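Treat the numbers as computed from the prediction; the structure is a model and nothing was measured. Sequence lines set the chain letters: A, B, ... in the order given, protein chains first and strands last, and positions in each chain run from 1.
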Amino acid sequence: MSEEERSLNFIEHIIEDDLKAGYDKKSLRFRFPPEPNGYLHIGHASSICLNFGLGLRYDSPVNLRFDDTNPAKEEKEYVEAIKADVEWLGYQWDTECYASDYFGQLYEWAVALIKQGKAYVDSQSSEEIADQKGTPTEPGTGSPYRNRDVAENLRLFEGMKNGEFKEGEHVLRAKIDMSSSNMLMRDPIMYRILHKPHHRTNTDWCIYPMYDWTHGESDYIEQVSHSLCTLEFLPHRELYDWFLDQLVDSKKLRPKQREFARRNLSHTVVSKRKLLQLVENDVVSGWDDPRMPTISGLRRRGYTPESIRNFADTIGIAKRENVVDVSLLEFHVREHLNRIAPRVMAVLNPLKLVITNFPEGTEEWLDAENNPEDAEAGSRQVPFSRELYIEKEDFREEANRKFFRLKLGGEVRLKNGYIIKAESCTKDENGNVVEVQCTYDPKSKSGSGTEESLRKVKGTLHWVSIPHAIETEIRLYDRLFSDATPDGHKDKDFMDFVNPDSFKKVKGYLEPSLKDAKIGDRFQFQRLGYFNVDSDSDSENLIFNRTVTLRDTWAKLEQKK
RNA sequence: UGGCCCAUGGUGUAAUUGGCAACACAGCUGGUUUUGGUCCAGUCGUUCUAGGUUCGAGUCCUAGUGGGCCAACCA
């Protein structure tokens, strides 16, 4: 989809309106502001694509800003992971910023506010402050310290900064309006005392600014023009503007906050807290478990950055509640992988097939196309021999004409190989088929151009030559939750909906060309799905993750029964 | 018994700003195919309700209904 054809989302409309109203395009600037207290997930990806997409669209800088005002929760490890994720998605930030870099400026501004009588030190407990806050329907009442004189406020605030007080002893509050219908305007806390080392400023500070006092001011310092956040921050906008009103220099750009609805994905949860719960309860192996909707999980699962960007682009951005069906994400990864993933053959549920008229102890190397969607992809050789594996599901002793696979007396094409006919089968004591005996037509070789090779046979199977097969571990993933909105039930916990079959480990038999596959390499296992090499692999053992199955209309037909 | 936000197919977003409701996904029907993949064609809607303004309303106004957010020394 070309840029000019695409319709604008409401954020772009706001920007276009600003531009029309005389806003200088050169002063456009955006930012992605994660708190380094956890891993990024698909919801963040949407925000990243929004902000960096705007940067690309308007040729404007986009900062990566870590909102690191709470040393109790934040760690350097997350900073590194977040940077890696943003880069992997394919975006380049203009400046790597930290709210903590502005602690000095913020402190100066706070002192100025105190001097103007617009901030005061409150010496009550958090319970007392909460009690006086009122409720959404009742106004709050002023703190007994609300009218402390400026000199005392300054002295106490400096004392707070110098570590003269214990945590919780004092806070700095903005003096706004205890009866505002907006709870956030009822003298919000600007600073609290925290005797904790910070991942960047270490022990330089023992007071830390709150989000509201930091975010808009950071935007102003960085001269961010449009500060985009999720809908739950809408009531914060009034406070965001109030703080800016106190210190904005009219010659400088004044940032504006605008809000959009966070994107929810069906069959998963998109909340750091809930994802953490999955990790801590060992429901998954970690933040990068391939079932996790984290960027690192999707990466390990085999998703491509392009597919995630296309997904974000397609779902767009708006202000209403939403649950995007995960099938849309799957569509985008299939669409991309269909174009780029080399085709190979692998059997995951093997059934032995013996071609009785193929000479014992011999092999034949067949030409196989690497990707029918990509003329440049070339071809490779795959070995054919007397004993092969096919999928158990691809053979039935008897079946109706809707079954385009192998049945006794029936014919089928072996992909890139020959047409075979099932003559008989052997069963174990339980009646399970353990071997199928076939004959092949030596003149029907794929691509040979013979009359026999051009015969139309309904059904083509993938296969692997047993003596040449590489044995590997295959990890099959399914949706982590059986319910579309696991956290959308008032009476049930989202953990109740964890899909017990979301992970299955099986043994796979792969064509030998795969032996040199490297971690991260993506393939289409023909007729099965897209797979990539997991990071748990080593030179001895390959491990594959199933990214997503192919669309399977046959499975749908079967399910209907 | 408050304030604010939102409402368009099953899902997500559009609608030249008041002018024939569009795109993608999913579903369903067919066609092509040496992947039951890909590809191609077709199909699926009283724009939450009721009033109002207007030649004309998804869009503007009023009321209602439904959903969401707001009382962390979190972000």
Check your understanding: Could A/Lys161 and A/Tyr107 be counted as a cation-pi pair, given that NZ or CZ must be under 6.0 Å from the ring centre and within 45° of the axis?
Key -> yes

Exercise for review: May I ask you to check if A/Arg173 and A/Tyr120 form a cation-pi contact, with NZ or CZ under 6.0 angstrom from the six-membered ring centre and within 45° of the axis?
Suggested key: no

Counting only distance, no hydrogens or angles, is the base of [N] paired donor-acceptor with the side chain of [X] under 3.5 Å?
X        : N     : value
A/Arg263 : B/G12 : no
A/Arg551 : B/U38 : no
A/Ser446 : B/U34 : yes
A/Glu393 : B/G36 : no
A/Arg527 : B/U35 : no
A/Glu138 : B/U1  : no

Review point. Under 4.0 Å: is that the gap between some side-chain N or O of A/Thr460 and OP1 or OP2 of B/G36?
Key: no

Heavy atoms only, 4.0 Å cut-off, all strands: where does [X] land among base, sugar-phosphate and nothing?
X        : value
A/Thr69  : sugar-phosphate
A/Glu373 : base
A/Lys458 : base
A/Leu184 : nothing
A/Phe233 : base
A/Gly447 : base

Minimum-distance nucleotide to [X] side chain [options: [options]]:
X        : options             : value
A/Asp325 : B/U11, B/A75, B/C74 : B/U11
A/Leu557 : B/G36, B/G37, B/A75 : B/G36
A/Met210 : B/U35, B/G36, B/C73 : B/C73
A/Phe331 : B/C73, B/U34, B/C25 : B/C25
A/Thr137 : B/A75, B/U1, B/C5   : B/U1
A/Ile189 : B/A26, B/C73, B/C74 : B/C73
A/Pro235 : B/A75, B/G2, B/C69  : B/C69
A/Ser126 : B/C74, B/C73, B/G36 : B/C73

Would you measure the distance from the [atom1] atom in [N] across to the matching atom in [M] and give it in whole Å?
N     : M     : atom1 : result
B/G19 : B/U65 : P     : 31 Å
B/U53 : B/U59 : P     : 15 Å
B/G58 : B/G52 : P     : 15 Å

**Study point:** Gap between atom OG1 of A/Thr549 and atom CZ of A/Phe531 - 0.5 Å precision
**Key:** 8.5 Å

Check your understanding: How long is the span from the CD1 atom in A/Ile11 to the CD atom in A/Glu16, to the nearest 0.5 Å?
Key -> 12.5 Å

What is the distance, rounded to the nearest whole Å, between atom [atom1] of [X] and atom [atom2] of [N]?
X        : N     : atom1 : atom2 : answer
A/His236 : B/A72 : NE2   : P     : 11 Å
A/Arg262 : B/U13 : CZ    : C1'   : 19 Å
A/Glu232 : B/G3  : CD    : P     : 22 Å
A/Lys415 : B/U35 : NZ    : P     : 5 Å
A/Asn264 : B/G67 : CG    : P     : 17 Å

Check your understanding: Given that both distances must come in under 3.5 Å, which nucleotide forms a Watson-Crick or G-U wobble pair with B/U49?
Key -> B/A63

Review point. Under a 3.5 Å cut-off for both distances, is B/C4 Watson-Crick or wobble paired, and to whom?
Key: B/G68

Exercise for review: Would you kindly say whether A/His215 and A/Asp67 are connected by a side-chain donor-acceptor distance under 3.5 Å?
Suggested key: yes

Review point. Distance only, no hydrogens: is a donor on one side chain within 3.5 Å (strictly under) of an acceptor on the other, for A/Asn371 and A/Glu373?
Key: no

Check your understanding: Could A/Glu306 and A/Arg339 be called an ion pair, given the rule that one side-chain N must be under 4.0 Å from one carboxylate O?
Key -> yes

**Study point:** Test: A/Glu222 and A/Arg31 ion pair at under 4.0 Å
**Key:** no

**Study point:** Nucleic acid contacts - residues 157-171 of chain A versus RNA chain B, non-hydrogen atoms under 4.0 Å
**Key:** A/Gly168, A/Val171

Practice item. With syn defined as a glycosidic angle within 90° of 0 and anti as everything else, classify B/U65. Key: anti

Point to revise | Ring centroids of A/Trp554 and B/G36 base under 5.5 Å with planes under 30° | key: yes

Review point. Does B/G36 have A/Phe404 stacked on its base, where the ring centres are within less than 5.5 Å and the planes differ by under 30°?
Key: yes

Review point. Is the A/Tyr303 to A/Phe311 ring centre distance short of 6.0 Å?
Key: no

Check your understanding: Testing A/Phe103, A/Phe157, A/Tyr208 for ring-ring contact (aromatic ring centres under 6.0 Å, His included) with A/Tyr191, which one passes?
Key -> A/Phe157

Point to revise | From A/Gln526, A/Lys415, A/Arg527, residue fulfilling side-chain hydrogen bond (donor to acceptor under 3.5 Å, both in side chains) relative to A/His462 | key: A/Arg527

Review point. With nearest nucleotides of RNA chain B determined for A/Asn416 and A/Asp67 from heavy-atom distances, which residue corresponds to the more 5′ nucleotide?
Key: A/Asn416

Detail all sub-3.5 Å separations between protein N/O atoms and N/O atoms belonging to nucleotides 42-44 of chain B.
none

Check your understanding: A/Thr214 and A/Ala99: which non-hydrogen atoms are nearest, and at how many Å?
Key -> CG2-CB, 3.7 Å

